[in-house]
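To start, the structure under review is shown below, and the notes come after it.
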Amino acid sequence: MKILVSAKRVSDPNAKLAISGDGKWVEGDVEYVMNYFCENAIECALALAEEHGDVETVALGIGDSDETGRFVRQGALARGIDRGIVVSADEGTIDSDLIARVYQKIVEKESPDLVLIGKQSVDGDSNQVGQLLAEYLDWPQATFASKVELKGDQVEVTREVDGGLEVVSLSLPCVITADLRLNEPRFASLAGIMKAKKKPLDEYELDDLDLGDAAPKVRIAKMTTPSGRKSGVLVKDVDDLVAKLRGEARVI
Amino acid sequence: MSKILIIADHDNGSAKKITLNTIDFAKQLIAKRGGSFDIAVIGSGVAGVAAALTGHGAGAVHLAEHADLAHPLAQGFAKVVADLAKAVGADVVAMSASSLGKDALPRVAVRLQAGMASDVIGIGDAGGSVAYRRPMWAGNLVGDVVIDTPVHVVTVRSSAFDAIAASGGASPVQSFAADPGSSRAKFVRFDGTQSSRPDLGEATVVVAGGRGLKDRFGAITEPLADLLNGAIGASRAAVDDGFAPNDYQIGQTGKVVAPQLYFAIAISGAVQHLAGMKNSKVIVAINKNADEPIFKVADYGLVADAFTAVPELVSKIKALRS
Ligand SMILES: Cc1cc2nc3c(=O)[nH]c(=O)nc-3n(C[C@H](O)[C@H](O)[C@H](O)COP(=O)(O)OP(=O)(O)OC[C@H]3O[C@@H](n4cnc5c(N)ncnc54)[C@H](O)[C@@H]3O)c2cc1C
Ligand SMILES: Nc1ncnc2c1ncn2[C@@H]1O[C@H](COP(=O)(O)O)[C@@H](O)[C@H]1O
């Protein structure tokens, strides 16, 4: 069995972000981290491989080739993923749709049985790639997974949805997107980091992939910083709070 | 001129209020671009939902029913939406960013060769084109996004739009022969969270608890929520630790709410939590540590132990009311 898993680098959401001069992306000089949801997808792939044996795991990162390559090695291969693929692309202008079409081309080359992707990118917060890919492939999908169980050629997935938890059963091949409660991502071990240096990493340019039209469908015209909320007051005690909620705010 | 197709959110019996917020989005878009909107009700045994939505000024309410849509899964649902969008000639397809909206609308976009904007909070302008305004980086930044394809697909953040009251029109209900096709995905079961309180997305008061409440999460939040007819919410940490069910989570990866009154009790105020509640009208923070970031967004902050302060708050509000 083969699993394709996502490895995207994102600018650290906890860092102070500055909008770039053209107003269309964040400033280059920011810290990057592995997208949190990709860490959950990677952990899920590793756990399935450990549980079932005879599973090959491949990580895909799309972005600035050198930096993305480094993240695929450190974040995916060092944790135990078998090999990596990097497709270079401009991170500021590529949209979820084009990313999904890149995934589709890699799926056609690699023929994985399962594609495990993060539920969303914590930079763009789009929450689209897994669903778009599943439709491009005409495969079934299970998004927002908090539990994944492989049962022969079926996979049973528990999904976090409005109002509770939904359980669905899919036959392979399929796309699953990982939510944060799926697992607790492991850290890379020292041995893992050493081994990762020798693991294969294939690199492609967008032009190598026969995408036909490689234009994004969506572009950012402008980014802004929302006006912050002004801080309020500290109240002395519960009596003071009740008085203010009733008198000033008129909400109780 | 736009022809907007709104996909209704419903619980098989009645339309969810978030559908009315999506109607507000459509009306705002029409105010900018001109045009009209239709509503689609997709499911099984949902004629009543369609009938209830005929008074909002839609050109038509399309009723698309099929037994396989009783528990809709993304693949079949998206096919029906896309088939209907083509049949009515829609150039904008909109649904709230509910879990079904997030799950299915990207697939609709592929079927319509459309670009998609997720979680739209407003409509702007970029050199004469409509720009969809949406939060990014957990709401730390806002992007104005332009879709360059003839058809646009959007999910709408309900809390950023008003719930439009019925205007008294009488839209015709039109049946559409829904064909969800076949799929290798099967619905197995739904484990719903039982609650008699108002829905998180609809409540005017939300009482949210954090990790600090530990196994007394319910004992502290419930009496206050019951007193104020509020919904209960939680931080991710409270859900992760098993004190609250998953669908209580508020934040970047949970629900986004903007009630009249929001209580953040024993919640530190991480950016990912603020992403889901910072547009609430009045925010009250109760936390024993005065340095927590939640106090930076709170209108009223009380530095106190929640285990004593919240029960005291409940009894004082009761006393005031009697
Ligand atoms: C990708 C990503 C997505 C995320 N999405 C979300 C999300 O959607 N929603 C979300 O909430 N978080 C989210 N998080 C997690 C977020 O970063 C925080 O970890 C989380 O919000 C912390 O929850 P908390 O405030 O309950 O817990 P803590 O940070 O542990 O804070 C507990 C608080 O309780 C207070 N306290 C303890 N005891 C008492 C007492 N007796 N009385 C009064 N106060 C007390 C403490 O002073 C402290 O402020 C996300 C994180 C990541 C990485
Ligand atoms: N540049 C990328 N490289 C690899 N995977 C990506 C990339 N962008 C998005 N993904 C995957 O797609 C998921 C959803 O992305 P998004 O639609 O951008 O929110 C992310 O969680 C990643 O797992």
Side-chain angles (χ1 to χ4, degrees), chain A residues 13-14 17 19 26 95-97 119 122-128 131-132 134-136 140-144 146 156 160-171 174 179-181 217-226 229 231-235 238-239 241-242 244-246 249 251-252, chain B residues 73-75 78 98-99 102-103 106-107 109-111 115-118 126 131 135-149 183-193 228 240 246-247 253 260-261 271 278 282 295-303 309 312-313 316-317 320:
Chain A
N14 295 311
L17 294 163
I19 296 169
V26 292
D95 66 345
S96 294
D97 178 76
K119 141 173 148 172
V122 296
D123 49 7
D125 280 333
S126 288
N127 194 333
Q128 294 182 13
Q131 299 90 311
L132 295 168
E135 186 63 41
Y136 277 120
Q141 75 186 38
T143 51
F144 326 145
S146 63
E156 193 166 285
E160 295 204 353
V161 297
D162 295 344
L165 296 169
E166 181 184 81
V167 182
V168 293
S169 171
L170 318 174
S171 68
C174 66
D179 217 323
L180 295 169
R181 272 180 283 276
K217 294 188 167 74
V218 173
R219 66 192 148 87
I220 298 172
K222 182 176 84 189
M223 297 216 308
T224 46
T225 312
R229 221 186 146 89
S231 358
V233 296
L234 284 184
V235 296
V238 173
D239 288 317
L241 177 61
V242 171
K244 291 215 159 68
L245 289 179
R246 168 146 290 206
V251 284
I252 57 169
Chain B
L73 297 184
Q75 199 169 6
S98 58
S99 39
K102 293 186 218 173
D103 193 31
R107 298 191 73 128
V110 171
R111 284 185 166 265
M116 172 168 173
S118 309
M136 303 170 83
W137 277 271
N140 284 333
L141 296 172
V142 173
D144 276 5
V145 205
V146 175
I147 300 180
D148 285 321
T149 50
S183 168
R184 291 182 285 108
K186 271 198 331 269
F187 170 84
V188 178
R189 66 171 185 277
F190 178 67
D191 299 324
T193 306
L228 301 174
D240 284 0
N246 67 284
D247 61 316
T253 47
Q260 293 295 314
L261 178 57
V271 285
K278 69 180 170 199
V282 175
F295 287 116
K296 294 215 171 65
V297 300
D299 298 281
Y300 302 108
L302 175 63
V303 180
E312 186 186 339
L313 179 63
K316 294 216 157 122
I317 296 174
L320 202 67

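Here the structure is a predicted model, which is why all the values come from computation and not from measurement. Letters go in sequence order (proteins before strands), and every chain restarts at 1.
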Quick check on the interface: out of V233(A), D123(A), I19(A), L132(A), who has the most heavy-atom pairs with chain B under 4.5 Å? D123(A)
Among A117(B), S118(B), A78(B), S183(B), which residue has the highest count of heavy-atom pairs closer than 4.5 Å to chain A? S118(B)
Heavy-atom cut-off 4.5 Å, strictly under: side chain, backbone, both or neither for V271(B) against chain A? side chain
Looking at V168(A), N127(A), V242(A), D95(A), which one has more heavy-atom pairs under 4.5 Å with chain B than the rest? V168(A)
Determine the minimum heavy-atom distance between R184(B) and S171(A), stating which atoms define it. NH1-O, 2.6 Å
Please state whether the side chain, the backbone, both or neither of I147(B) comes within less than 4.5 Å of a heavy atom of chain A. both
Highest number of heavy-atom pairs under 4.5 Å with chain B: which of V161(A), V167(A), L17(A), L170(A)? V167(A)
Where on Y136(A) is there a heavy atom nearer than 4.5 Å to chain B: the side chain, the backbone, both, or neither? both
So what's closer than 4.5 Å to chain A heavy atoms on S98(B): side chain, backbone, both or neither? both
Answer key: most heavy-atom pairs under 4.5 Å with chain B among R181(A), E156(A), R246(A) is R181(A)
With only heavy atoms counted, which part of L228(B) is less than 4.5 Å from chain A, the side chain, the backbone, both or neither? side chain
Engaged part of L165(A) at the chain B interface, taking heavy atoms whose separation is under 4.5 Å: both
Over all heavy atoms of both residues, which pair between R107(B) and A134(A) is shortest? Give the atoms and the distance, please. NH1-CB, 3.2 Å
Chain B shares the most heavy-atom pairs under 4.5 Å, among T224(A), V251(A), I220(A), with T224(A)
What distance do D179(A) atom CG and K119(A) atom NZ have between them, rounded to the nearest 0.5 Å? 3.5 Å
Nearest heavy-atom pair of G164(A) and N246(B): which atoms, and what distance? O-ND2, 3.3 Å
Interface residue of largest heavy-atom contact number with chain B, from L180(A), I252(A), L245(A), under 4.5 Å: L180(A)
Which bit of A309(B) is near chain A, if near means a heavy-atom gap under 4.5 Å: side chain, backbone, both or neither? both
Counting heavy-atom pairs under 4.5 Å to chain A, which of E312(B), K278(B), Q260(B) comes out on top? E312(B)
Distance (rounded to the nearest 0.5 Å) between E135(A) CD and Q128(A) CD: 13.5 Å
For the residue pair D103(B) / Q141(A), report whether a side-chain donor-acceptor contact shorter than 3.5 Å exists. yes
With a 4.0 Å cut-off on N to O distance, would you call D148(B) and R219(A) a salt bridge? yes
Look up atom OG in S126(A) and atom CE in M136(B), then write down how far apart they are to the nearest 0.5 Å. 6.5 Å
Among D240(B), T149(B), V303(B), which residue has the highest count of heavy-atom pairs closer than 4.5 Å to chain A? D240(B)
Taking all non-hydrogen atoms of both residues into account, name the closest pair between Q131(A) and P106(B) and its distance. CB-CB, 3.5 Å
Do the side-chain N and O atoms of D247(B) and T193(B) include a donor-acceptor pair separated by under 3.5 angstrom? yes
Counting heavy-atom pairs under 4.5 Å with chain A, the top scorer among I317(B), V297(B), D144(B) is D144(B)
Quick one: are D239(A) and K316(B) in side-chain contact, heavy atoms under 4.5 Å? yes
